[in-house]
Each structure stands twice: as structure tokens, then as C-alpha cells.
Amino acid sequence: MSRSLPLSAHYHQRTKYDPQTLSKRGKSLDWSQQPSPFKGYKIGTSYDLKPYLELDRNEPQWENLSYLLLLSYGLTAKIPTFGGDFVYLRTAPSAGGLYPAELYLISRGTELLPAGLYHYQPQTHTLLRFWDNHCWVDLQEACFRHPALEKTQLALVTTAIFYRSAWRYEARAYRRIFLDTGHLLGNVNLAATAHGFRPHLIGGFSDRLMNQLLYLDGETEAVTSIMALNPQPQATSHGKTALPSPVAFNYPDLAEDELLKALHEASMIQAKSSVPPHQPNLLEDKYNFPFCLKVSLANTDAENRYRQRIDWGEDQEDLEETLLKRRSTRAYTGEDLTLEELQLILHFTYHPEDYGEQGLLGDPDYFDLSLIETFVAVSGVEGLEAGCYYYAPKAQALRQIRFKNFREELHYLCLGQDLGRDAAALVFHTADLGAAVSRYGDRAYRYLHMDAGQLGQRLNLAAIQLDLGVSGIGGFFDDQVNEVLGIPDDEAVLYVTTLGVPEQG
């Protein structure tokens, strides 16, 4: 049946939260059916990575790989519950603590790791080789001979086990799955350089071939992204990371529980196709009205540029500690942030190139950041009027577009969560979904959420390093966000990150 909306836009409309229908949408959780956050294999060769976290060992290759996996998706806490089970926390945040992503390693064959397929098992911090065969040619074929794989020996692959998130979030889980994957990719980008790698992100691949390569059925678990690990940390980007899928207009009437599967299938790539010519990015001129308040966050004094950078310590030691101690904030005091603190957080998120001197990766790969816009709703930032601002990253400027304190509205649109009310500022990532789909087909929905998740993770880590509170919110009243921000109804809200002073204890 022919439709007026692409399936991705139809999915987005159908999975919006609305005040009138939210109570009818939800269902009580069957805790006896809660999926395990860990995947196991009955056979395979196990490589224990824990010994290489010890300081007195002198095996840098193993140490680099061990730390990369730990800092990207490793366990950081095991918390007992009243029922006798445990809640596990990892370096990457996940909606509801459900961790739908899995992490695999493909080796071309090195002195370290024989050729084959490996699964990272965070509960034991081990690599399990479950297939010992030369698979690199198949990987290259599935990735349409991407140049990043030509001289690289290792590749990380992320997958999604859909039911882990759908068990709780139902159809909207697809959004959260790719936000969570973006958190994981953000960690890999940050942790890799200090441990001997330059990751190259690959989002354009044959879904069928990649799922076959890892022996996945593609329905319960499917590949979501690939990162080639270049052994030269300072290597430059290989360029395009994203390819388009078709756009589905002919789809049947879909029940709520069919939406996620239908969109994932529609966003698959069967054969390589070119991306339409890139249009000039006009985002920097948006909301640049003569009458609006403009606040520059850039330090134009070259000698004092370091003052607008977060200090991550010698050899990134503070970054690694922050990755391991990161927690989502549960409550804010309602106190103000300083304008400098907000500036530091936004600068770290959007200007990684200024951190090259600290050894941090200066050019992390994204799918297409030109499609994402950033807004900041300010409730309490010293030196900044309350209201909503558009953030122009290249100009490093905030441009005020709404002139009101929206604290109560923010509380409401965040589903009544006190985080929205008591936060000093909320960062919103949005996108023109129509423009994104015209460029990347229905697959754009994946790319947008993974990019927003990666930006959200950088916001997370910057705030934690400054001893501030931070928490991402994937559940909100979509249309009410557009209303508060004063943006068009067809602008898709991807993610919300709250920032503030955390309550102690």
C-alpha cells in the first residue's frame, strides 16, 4: 500500500509519546521475562583479558586491547537486588540498564589473535573465539571494499539484540537501541587513541552479509555498525562512513509490535549505492536574527585557548577514570551552573580537534553531523538569561530563540521526571528527518540516533569530569519539545541530555 510518508517518518510519528495516549500505550512489565544482558556461547576458545589490566605486565598489545574493550563496554559495577539477582553497570549508559548492544571482534590474523570471529564477554572480561577461520575477505565484501579495511587487521562490530530493549520500551525501543549504540561508539572513539588504535566507522554495509558472517539470524540480533581498528592512532579518516538504503513508501498497515521489525528491514542495504551530492550546511546561519541575544562561547585569544578545554590529566588518565566511574545522575539540587561550565561541556562535545595536544582523538568519525541540530533550554546558568537557545557549533555561539524560563514545561515534557525540572540546562538534539531520509533513505534513522548518542556520551563524560550531574533522557513528549523549543512540527527530536548540580548521597 502506497503511503505519503517514508516508513522511517511513519515509525517516528507512531512512536511519539503523547500526554493523551501514554497511559494507554504502556503495559505492565513481566519481570519473569526480563532478558539477560549477557550473551553466551557453549563452545569456543576463551582469552582472559583481566591479567593485562595489571600494571606490572609488559605486553602492550594485549594491554591495549584489554583496556580498549574495558573502557568501551566493560562492567563497572555489580549491584545486588532484594530478589537475589544483580544489576550490572557498564562504561556506556543504556536506557533502563538493558544493554541491547553486543560487541564482536573480527581478526584478519595477527600475532595476538588468530584469524576468526570473537565475542566480547563483559561479565568475565574475556574474548571468546567462536569461529576460527579466515573471514576478512567476507568482511570486506560485506562492507563494499571500504578502504579502512585494506591494511587493518582488526575490526569491532556492534550488534543489537532487539528484545532486550523492546521488552520494556516496545516499539520505541528502536530509538533507544541506536542511542545506546552511539554511547558505545563514543567510548570506542575516545578510548582507542590512548591504546594504539584509530577507529574508522563504517555504517554502509550489506546487512544480510554481515549477519551471515557473524551467524546471526538478523531478526532477534543484527549488526548495527562496524569500526575498523587502524594500528596507527593518528591516522586520518577514510571519508564516507554512511551509505543510503532504499526509502519504503509501500508498506502495509502495521500493528504496534510490527513497527520495529518493519523499519529495521526497510533500512537494510542490499547493494552499494551513491549518496546524493552534499548540500551546503546552512545550519550556522539558522536563528541568526539581528534582534536575538547572541552569546559567544569561543576564546579568540590563541594563547589562552587551553582555558576553554577540559583538563583530562596526563596521558588521559582522568578520561579513563571518568569512563569507569560514569553514572547517570538520579537527582539535581536545582542550583545554577556557571556559563563557563556549560561552555566547557559544549566545547568538548563539538570541538574534539582542540584536544589533539592532550592525546585525545582529534577527528572521531560520525555518520553525518551536518544533519543534527542542537538546542539548549536554560533554566539556571549564571550569566545567561533563561530561555531556549540554538547552538551554532562552528561559531561556538548560543542564539536565544525563546525568552522565558521553561522549567515547569521541561518537567512536564520529560514525562514528569524531576530531572527535567531541577536541571540547570537541557541539551536537545534534533534533525530534519525529511532531509536526512532524502540523503540516506530509511537508514538515516539509524545514523541520526547513533550520532546523537555519541554526542550525548561526550556531554556525559565532560559533565562528570567537571563534577557535575548528567543524565540522558530518551522518553519525552515529542511534540511538546518542539513547542517549547519553537521549532517546526516535522523536526524530529532525537535525544535529551540534562545537566545540573547533582544531589549528594
Side-chain angles (χ1 to χ4, degrees), residues 38-53 57 59-74 101-159 181 184-185 187-189 191-207 209-216 221-233 235 238 241 365:
F38 302 118
K39 179 179 181 178
Y41 284 86
K42 294 182 178 180
I43 59 173
T45 302
S46 184
Y47 293 77
D48 189 0
L49 300 174
K50 292 186 292 297
Y52 305 103
L53 302 177
R57 299 185 71 96
E59 299 180 72
Q61 288 182 305
W62 275 112
E63 179 182 315
N64 283 335
L65 186 59
S66 180
Y67 271 101
L68 174 61
L69 294 172
L70 174 68
L71 297 171
S72 297
Y73 209 43
E102 290 290 326
L103 193 56
Y104 295 82
L105 185 70
I106 301 177
S107 174
R108 194 173 196 166
T110 71
E111 295 181 6
L112 204 66
L113 294 170
L117 307 175
Y118 297 77
H119 177 254
Y120 176 54
Q121 302 198 302
Q123 70 273 37
T124 56
H125 192 52
T126 58
L127 272 176
L128 184 78
R129 181 164 56 126
F130 63 92
W131 189 256
D132 53 346
N133 204 340
H134 290 272
C135 308
W136 202 262
V137 172
D138 295 331
L139 173 65
Q140 290 178 299
E141 180 182 355
C143 295
F144 308 115
R145 313 298 300 184
H146 194 286
L149 295 170
E150 290 181 3
K151 298 181 180 180
T152 306
Q153 310 302 314
L154 298 173
L156 286 176
V157 180
T158 66
T159 70
T181 303
L184 170 54
L185 296 177
N187 279 358
V188 175
N189 265 325
T193 301
H195 295 287
F197 300 105
R198 198 299 186 191
H200 296 286
L201 183 59
I202 301 173
F205 54 84
S206 165
D207 295 77
L209 293 180
M210 279 305 306
N211 291 334
Q212 287 179 352
L213 177 59
L214 291 180
Y215 297 94
L216 309 177
E221 182 180 0
V223 173
T224 53
S225 74
I226 301 155
M227 298 186 89
L229 296 180
N230 193 306
Q232 299 177 350
H238 278 283
T241 61
D365 285 345

Among Thr193, Asp365, Asn189, whose side-chain hydrogen bond (donor to acceptor under 3.5 Å, both in side chains) with Arg198 holds?
->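 Among Thr193, Asp365, Asn189, the one that satisfies the side-chain hydrogen bond (donor to acceptor under 3.5 Å, both in side chains) with Arg198 is Asp365.
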What's the separation between atom [atom1] in [X] and atom [atom2] in [Y], rounded to the nearest 0.5 Å?
| X | Y | atom1 | atom2 | answer |
| --- | --- | --- | --- | --- |
| Lys151 | Asn230 | NZ | CG | 9.5 Å |
| Glu141 | Met210 | CD | CE | 11.5 Å |
| Thr241 | His146 | OG1 | NE2 | 7.0 Å |
| Leu69 | Asn187 | CG | CG | 11.5 Å |
| Leu229 | Asn64 | CG | CG | 11.0 Å |
| Leu127 | Thr45 | CG | OG1 | 11.5 Å |

Is there side-chain contact between [X] and [Y], with heavy atoms separated by less than 4.5 Å?
| X | Y | result |
| --- | --- | --- |
| Leu105 | Leu65 | yes |
| Glu221 | Asn211 | no |
| Ile43 | Phe130 | no |
| Leu154 | Phe197 | yes |
| Val223 | Leu213 | no |
| Ser225 | Leu201 | yes |
| Arg108 | Thr152 | no |
| Trp136 | Ile106 | yes |

Any sub-3.5 Å donor-acceptor pair from Ser107's side-chain atoms to Leu113's backbone N or O?
->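 Flag set: sc Ser107 to bb Leu113 pair under 3.5 Å.
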Do any N or O atoms from the side chain of Ser72 and from the backbone of Leu68 form a donor-acceptor pair under 3.5 angstrom?
->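 At least one qualifying donor-acceptor pair exists.
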According to the interplanar angle, ranging from 0 to 90°, do the rings of His125 and Tyr120 count as parallel (below 30°), tilted (30 to 60°) or perpendicular (above 60°)?
->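 Taking Tyr120 first and then His125, their aromatic rings stand perpendicular (interplane angle over 60°).
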What class does the angle between the rings of Tyr67 and His195 fall in, given that below 30° is parallel, 30 to 60° is tilted and above 60° is perpendicular?
->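 Aromatic pair Tyr67/His195 classed parallel.
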Residue Trp62 excluded, over 12 heavy atoms near CH2 under 6.0 Å =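 Atom CH2 in Trp62 is crowded, with more than 12 foreign heavy atoms closer than 6.0 Å.
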Of the options Val157, Leu156, Leu117, which is the one that meets Tyr104 in a side-chain contact (heavy atoms from CB on, under 4.5 Å)?
->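 Only one option passes, and that is Val157.
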